[in-house]
Structures are given as structure tokens and as C-alpha cells.
Amino acid sequence: MVACVCYALSDYIGYHVTALLLLVTVSFIAMFCDIFPVLLAAILSALIWDVFFIPPRFSFTIASPEDALLLALYFFIASVNGALTYKIRQVEKVALKKEEKENTLKLYNTLLNSLSHELKTPIATIIGSTDNLLTHSSKLTEENKKELLSEISKASIRLNRQVENLLNMSRIESGFLQLKKDWVDVSELIYDVVNRLKDYTKEHPVGIIIKDGLPLFKLDYVIMEQVLYNLVYNAIIYIPKYCVISVRASFLNGRLVIDVEDSGAGFPPGETERVFDKFYRLKDSKTGGTGLGLSIVKGFVESHNGTVQLENMPEGGAKFTIEIETEVSFPSSLKNE
């Protein structure tokens with residue numbers, strides 16, 4: 001292609017400029033091809049330049065020693081330039097693989113450190129409490145036994161939550177996440193989630209604001225329950241005591257819109273774009289957590305062909321906004337189905 005264009009313009013650009021254009025073409029090929037196609041391109045470009053551009057044209061004969069030297073230099077430069085460009089590309093690939101390996105190792109260490117804490121702590125609590133119940137049962141009062149059983153229950157719930165997060169992330173990444181959609185009352189969904197978190201909301205009051213006349217939405221109830229649970233639980237963990245959490249639901253422009261807002265300090269500048277990354281945790285955040293909760297939120301919402309966004313509020317605090325466009329049915333029409 002380049003040779004054809006140069007041939008058409010040969011009366012205007014001359015064969016020296018053509019050589020430079022062919023050299024650039026060989027360098028461009030070297031950016032994308034292996035070494036053998038690059039060397040082949042260098043050889044062919046030298047032959048094309050000789051036959052079609054160096055006088056006398058249409059023969060391998062070269063009239064002047066200067067042109068013969070130029071052809072030899074052209075072939076040498078094209079070959080070396082192509083080989084060096086290919087070599088640079090290979091070095092960049094090796095550097096990229098090394099960087100990816102380092103990032104993978106970093107993520108692995110992050111996950112391992114998080115799991116070592118998040119799994120070891122509840123397991124240690126369960127083992128310690130059960131050991132006390134088994135070995136010192138006769139010395140424990142009924143109140144002591146209730147406290148130990150309560151610790152076992154909390155530790156079991158915490159352990160189960162982390163295992164669920166890992167399984168959910170595995171389902172998302174494997175592509176085997178299959179939704180079981182049915183008609184969902186969003187009001188019931190939100191109240192169920194808040195009720196599940198009642199042990200954590202004593203110091204973090206949760207306000208529920210649901211717009212009147214909401215239709216039923218075609219959603220996967222279990223998946224959306226996990227989405228809201230993760231968002232509200234995330235707010236409970238990171239905002240100060242007695243900051244208010246608000247959950248709003250509305251139907252706007254044919255979309256289900258759910259807002260989870262808090263009156264905390266919000267997110268640091270530059271952090272709002274990264275909070276949905278897998279294993280990502282805020283700088284200087286409290287220990288604990290695997291950094292999977294918000295990643296799961298994003299994956300589950302997107303599996304419903306929806307979006308989730310985070311923004312800091314001007315008056316303080318953060319707001320997560322979920323928007324899902326799905327089938328709707330108002331109660332009156334559902335009765336007639």
C-alpha cells in the first residue's frame with residue numbers, strides 16, 4: 001500500500017523520500033509483528049525500492065555506486081531498525097508481565113492478610129468459647145454461658161459473611177451467576193435488610209424513605225438483598241457512632257432508584273473511583289474487611305444491567321445510588337395476570 005502510494009507520487013517526492021517512508025513502514029510493522037515478518041518486510045521493501053524507484057526502474061541494475069551504497073545502507077538500517085523495534089516491544093512485554101505479576105502478588109498478599117484476620121478472628125472466638133463451655137461448664141453461671149453462646153453466634157455470622165463474600169465474588173468472576181428474577185416488593189426488601197442488621201444499627205440509626213405507589217420490580221431478591229446489606233453494613237463500619245444512614249427508594253424515568261446515604265465524613269478525594277475495585281480498602285481504614293463488599297455490589301447490580309455510583313454529598317457524608325431498568329408491574333395489573 002505504501003509502495004503504491006509512493007509510486008503514484010514518485011514524480012513529486014523522489015526515490016530518497018520514498019526510502020524514508022518505507023523505513024517508517026517497516027518500523028510500524030515491527031510494533032505489531034514477530035521478528036520474521038519484520039525481516040521479510042525489510043527485504044521486500046529493499047527489493048521494491050530497488051526495482052520500482054532507483055533508476056533505472058524495473059530492473060535490479062543500479063546505475064550509480066552511490067545508489068548501490070544507499071540500497072545496502074537502506075537494507076541494513078531497515079533490518080536493524082525493525083529488529084530493534086521488535087526487541088523494544090519484547091522488553092515492554094516482559095516489563096508488563098513483571099508488573100502484572102507484582103500486582104497479582106500484591107493482591108494475593110492483601111487478600112491473604114485480610115483473610116488471615118477476618119477468618120482467624122471468628123474461628124479463634126468460636127474455639128475459645130466452645131472450649132470454655134466444654135471444660136469449665138460447671139464453673140460458669142447461666143449469664144456466662146449466654147455471653148459465650150452470644151460470642152459464638154456473632155463469630156459464626158461474621159465467618160459466614162466472609163465465606164459468602166468469597167463465594168459471591170467467585171460466582172461473578174466465573175460468569176456462572178444466574179439470576180432468579182421474580183416480582184419484588186422493594187419496600188419489603190429494604191425492611192428485611194435493615195432488620196437483619198438490627199444488632200449493628202443500635203448506634204447507627206437507619207431511616208427508610210420509600211416513595212408512595214412504587215410498582216413491583218422484576219429482580220433477583222436474594223442478590224439485591226446482598227447488595228443492600230453490603231452497602232448499609234459498609235456505612236455502619238466506617239461512619240462514626242450515631243451518624244444517620246438513610247435508604248431511599250423511588251421510581252424515576254422507568255428505573256428503580258435506590259439511594260444509601262450517610263451523614264459521616266464521606267470519602268477522601270480521589271477514592272470514590274476506586275472503592276469498587278476488588279480487594280481495595282481505604283487508606284488508614286480500620287483493620288478488618290477483605291475489600292470485597294463493594295466489588296460484589298457492583299457485580300450484582302451490573303448483572304441486573306444496572307449501575308451503581310458513589311458521590312460525596314456537599315453537606316457531608318456519602319451517597320451510593322443504584323439505578324436498574326427492569327420490568328415493572330403495579331399491584332392492580334399484577335392481579336389481572
Side-chain angles (χ1 to χ4, degrees), residues 110 114 118 158 161-162 164-165 168-169 172 186-187 189-211 214 219 223-253 255-325:
T110 301
S114 298
E118 288 300 301
R158 180 177 176 181
R161 183 170 61 249
Q162 297 307 325
E164 281 185 349
N165 279 343
N168 287 333
M169 182 55 65
I172 293 171
V186 173
S187 174
L189 173 68
I190 293 173
Y191 277 101
D192 281 350
V193 170
V194 174
N195 186 58
R196 281 179 59 193
L197 289 163
K198 62 183 179 181
D199 290 337
Y200 301 96
T201 57
K202 295 175 183 178
E203 297 177 336
H204 298 89
V206 178
I208 299 175
I209 304 151
I210 298 175
K211 199 145 189 178
L214 280 186
L219 304 168
I223 293 293
M224 291 305 300
E225 185 180 35
Q226 189 66 51
V227 166
L228 291 178
Y229 183 96
N230 284 8
L231 288 178
V232 177
Y233 183 75
N234 185 77
I236 291 172
I237 289 177
Y238 291 106
I239 63 175
K241 290 182 179 180
Y242 306 112
C243 285
V244 178
I245 300 170
S246 301
V247 182
R248 296 182 175 86
S250 58
F251 181 52
L252 297 174
N253 301 320
R255 289 173 173 262
L256 166 64
V257 180
I258 300 176
D259 296 322
V260 178
E261 184 180 337
D262 64 69
S263 60
F267 286 79
E271 299 280 348
T272 55
E273 298 298 325
R274 302 186 61 190
V275 295
F276 296 107
D277 293 347
K278 187 172 60 173
F279 305 134
Y280 183 74
R281 299 178 67 247
L282 294 176
K283 296 177 182 178
D284 303 321
S285 61
K286 63 177 71 175
T287 58
T290 56
L292 292 176
L294 295 182
S295 300
I296 292 169
V297 167
K298 185 174 185 291
F300 280 175
V301 171
E302 289 180 348
S303 70
H304 281 83
N305 296 318
T307 61
V308 56
Q309 295 180 332
L310 166 64
E311 60 179 321
N312 284 324
M313 303 302 294
E315 63 274 14
K319 181 171 75 171
F320 289 89
T321 301
I322 296 170
E323 293 189 17
I324 298 176
E325 185 173 0

When the side chains of residues 241-251 are checked against the rest of the protein, which donor-acceptor pairs come out under 3.5 Å, sequence neighbours left out?
{"residue": "R248", "atom": "NH1", "partner": "E261", "partner atom": "OE1", "Å": "2.9"}

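- The shortest non-hydrogen separation linking L310 to A318 is CD1-CB, 3.9 Å.
- Identified under the side-chain hydrogen bond (donor to acceptor under 3.5 Å, both in side chains) test for residues 193-210, with sequence neighbours left out: none.
- With contacts defined as side-chain heavy-atom distances shorter than 4.5 Å, the pair I322/L231 qualifies.
- Applying the ring-ring contact (aromatic ring centres under 6.0 Å, His included) criterion to Y191, with sequence neighbours excluded, gives no partner residue.
- In this view, D192 and Y221 satisfy the side chain to side chain donor-acceptor pair (under 3.5 Å) rule, not counting sequence neighbours.
- Rounding to the nearest 0.5 Å places CG of D262 at 5.0 Å from CD1 of I239.
- Across all non-hydrogen atoms, the minimal contact from K211 to L214 is O-CG, 3.3 Å.
- Once rounded to the nearest 0.5 Å, the distance linking CG of L294 with CG of N234 reads 4.5 Å.
- In this structure the side chain of F300 never reaches within 4.5 angstrom of the side chain of V308, judged on heavy atoms.
- Atom OG of residue S303 and atom CD1 of residue I296 lie 12.0 Å apart, to the nearest 0.5 angstrom.
- To the nearest 0.5 Å, the span separating CD1 on I258 from CG on L189 amounts to 6.5 Å.
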Going through the distances and angles, do V186 and I210 end up as a side-chain contact (heavy atoms from CB on, under 4.5 Å)?
-> CA-CA 9 Å; V186 173; I210 298 175; 5.9 Å; no

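- Residue H304 comes nearest to I324 through the heavy atom pair O-CG2, 3.7 Å, listed as atom of the first residue, atom of the second, then distance.
- For the pair F276/F320, a side-chain contact is recorded, criterion being any heavy-atom separation below 4.5 Å from C-beta on.
- For residues 301-313, the set of pairs meeting the salt bridge (Lys or Arg N to Asp or Glu O under 4.0 Å) definition, not counting sequence neighbours, comprises K298-E302, E311-K319.
- A salt bridge (Lys or Arg N to Asp or Glu O under 4.0 Å) check over residues 228-238, counting only residues at least two apart or in different chains, returns nothing.
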